[in-house]
K.L.:
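My structure is below; once you've seen it, I'll send some questions.
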2 protein chains.
Amino acid sequence: MANHLDSIFSAMADPTRRAVIERLLDGPASVSDLHSSHDMALPSFLKHLNKLESAGLVRSEKTGRSRILHIEAAPMAAAEDWLALQRKLWEGRLDRLQALAEALERPKT
Amino acid sequence: MANHLDSIFSAMADPTRRAVIERLLDGPASVSDLHSSHDMALPSFLKHLNKLESAGLVRSEKTGRSRILHIEAAPMAAAEDWLALQRKLWEGRLDRLQALAEALERPKT
DNA sequence: GAAAAACATAGCCATATGGCTAACAATTGT
DNA sequence: ACAATTGTTAGCCATATGGCTATGTTTTTC
């Protein structure tokens, strides 16, 4: 639930990690499942998974010798919320600018 | 308009840069205006502004001896769109899971 | 119980990032 | 003309990032 936007945005700033996110939206998967579609050594890939997990975007549990990852929706929502808020403010500013423009066009009373 | 999510998310992964974005939503500002509210040497701060600009989140033009920056809304929208799409897929998955659960509860026909 | 499977850890490497100081423009104000 | 303002560039430093190989560890499976 945390709101550390730094690590959330940072985690999403990499195509490998975004691909993992997209894949996990379809349902949980093991490390090797996820790894199979990426041309990269496993330890390198593991670093990406760890970064996703420490950003809270993903959780995992070890069952037997394999680790199953699943997505955690809340942190992405936090990022989306921040962006949506900025857009709202931006649109509000455009509205004010337009109001100002109209006021300037109106003849003096 | 470009869709390079890497640099967009990466640019937003820093609190200094997010603060600049928030400030610029209120209207254009010069480098020193923006810098005044950050306890950081000017060259360090400039690096942040450059990163924002090369991610396309901000544009600037030099007028006289000062540079005026203004925000560029489109790239943030691209990031928001990606997040919104993921959320949509996630919610779609939840719907399918619920449908499945209901199907399992229903007695056999 | 030995081998295979599925991670995990250690450690190396090159480049990127985020901070700094010092020195260099280029405008503008006196 | 000179000084002050406002950026800009160069270069240093420490740490982070993203890749690798080699080696461990823990379950399965045969």
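Keep in mind that this is a model prediction, so the values were computed, not measured.
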K.L.:
Suppose we screen for side chain to side chain contact (heavy atoms under 4.5 Å, CB included). Which residues come up paired with A:A19, at least two apart in sequence or across chains?
P.N.:
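Counting only residues at least two positions away or on another chain, A:A19 forms a side chain to side chain contact (heavy atoms under 4.5 Å, CB included) with A:H38.
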K.L.:
Could you write nucleotides 25-30 of chain D as a row of B, S and -, 5' to 3', where a protein heavy atom under 4.0 Å of any base atom gives B, of only sugar-phosphate atoms gives S, and otherwise -?
P.N.:
--BS--
K.L.:
Rounded to whole Å, how long is the line connecting atom CG of B:N50 with atom C1' of D:dT8?
P.N.:
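Result: 9 Å.
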K.L.:
Please report the distance, rounded to the nearest Å, between CD in B:E61 and P in D:dT6.
P.N.:
18 Å
K.L.:
I'd like a table of atom pairs between the protein and nucleotides 13-17 of chain C - only N or O on both sides, under 3.5 Å - with the distance next to each one.
P.N.:
residue, atom, partner, partner atom, Å
C:dT17, OP1, B:K51, NZ, 3.4

K.L.:
Output all residues satisfying side chain to side chain donor-acceptor pair (under 3.5 Å) with A:S7, sequence neighbours left out; order by chain, then residue number.
P.N.:
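A:S7 satisfies side chain to side chain donor-acceptor pair (under 3.5 Å) with no residue once adjacent residues are dropped.
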K.L.:
Do the side chains of A:I68 and A:L46 join up, straight or via other hydrophobic residues, at under 4.5 Å, putting them in one cluster?
P.N.:
no
K.L.:
Could you tell me the separation between the CE atom of A:M12 and the CG atom of A:L5, rounded to the nearest 0.5 Å?
P.N.:
8.5 Å
K.L.:
Can you tell if the side chain of A:L69 reaches within under 4.5 Å of the side chain of A:E61, non-hydrogen atoms only?
P.N.:
no
K.L.:
Should A:D6 and B:R18 count as an ion pair when the cut-off is N to O under 4.0 Å?
P.N.:
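A salt bridge links A:D6 with B:R18.
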K.L.:
Establish, with yes or no, whether the OP1 or OP2 oxygen of D:dG18 is under 4.0 angstrom from a side-chain nitrogen or oxygen of A:T16.
P.N.:
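Checking D:dG18 against A:T16, no side-chain N or O comes under 4.0 Å of OP1 or OP2.
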K.L.:
List in chain and number order the residues that pass side chain to side chain contact (heavy atoms under 4.5 Å, CB included) with B:A77, two or more places apart in sequence or in another chain; answer none if no residue qualifies.
P.N.:
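Testing B:A77 for side chain to side chain contact (heavy atoms under 4.5 Å, CB included), a comparison that skips the adjacent residues, returns none.
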K.L.:
Using a cut-off of strictly less than 4.0 Å between a heavy atom of the residue and any atom of DNA chain C, enumerate the qualifying residues of residues 20-27 of chain B by number.
P.N.:
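None, since no heavy atom is under 4.0 Å.
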K.L.:
With B:R87, which residues qualify under salt bridge (charged side-chain N to carboxylate O under 4.0 Å, His left out), at least two apart?
P.N.:
A:E80, B:E91
K.L.:
Just to be sure I understand the geometry, which residues of residues 31-45 of chain B put a non-hydrogen atom under 4.0 Å away from DNA chain C?
P.N.:
B:M40, B:A41, B:P43, B:S44
K.L.:
Can you give me every donor-acceptor pair (side chain of residues 25-35 of chain B, partner residue at least two apart or in another chain, under 3.5 Å) with its distance?
P.N.:
residue, atom, partner, partner atom, Å
B:S30, OG, B:S32, OG, 3.4
B:S30, OG, B:D33, N, 3.1
B:H35, NE2, B:M40, O, 2.5

K.L.:
Hey, is the main chain of B:H48 close enough, under 3.5 Å, to the side chain of B:R17 for a donor-acceptor pair?
P.N.:
no
K.L.:
Within this structure, what is the NE2-to-C1' distance between B:H48 and D:dG7, rounded to whole angstrom?
P.N.:
17 Å
K.L.:
Can you measure B:L49 atom CG to D:dT9 atom C1' for me and round it to whole angstrom units?
P.N.:
15 Å
K.L.:
With sequence neighbours excluded, tell me which residues meet side chain to side chain donor-acceptor pair (under 3.5 Å) with B:W82.
P.N.:
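Applying side chain to side chain donor-acceptor pair (under 3.5 Å) to B:W82 gives A:E22.
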K.L.:
Once side chain to side chain donor-acceptor pair (under 3.5 Å) is applied, do any residues pair with B:Q86, and if so which ones, sequence neighbours excluded?
P.N.:
none
K.L.:
Kindly write out the residues that satisfy side chain to side chain donor-acceptor pair (under 3.5 Å) with A:S44, not counting sequence neighbours, or none if the list is empty.
P.N.:
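Scan of A:S44 (side chain to side chain donor-acceptor pair (under 3.5 Å), adjacent residues dropped) gives none.
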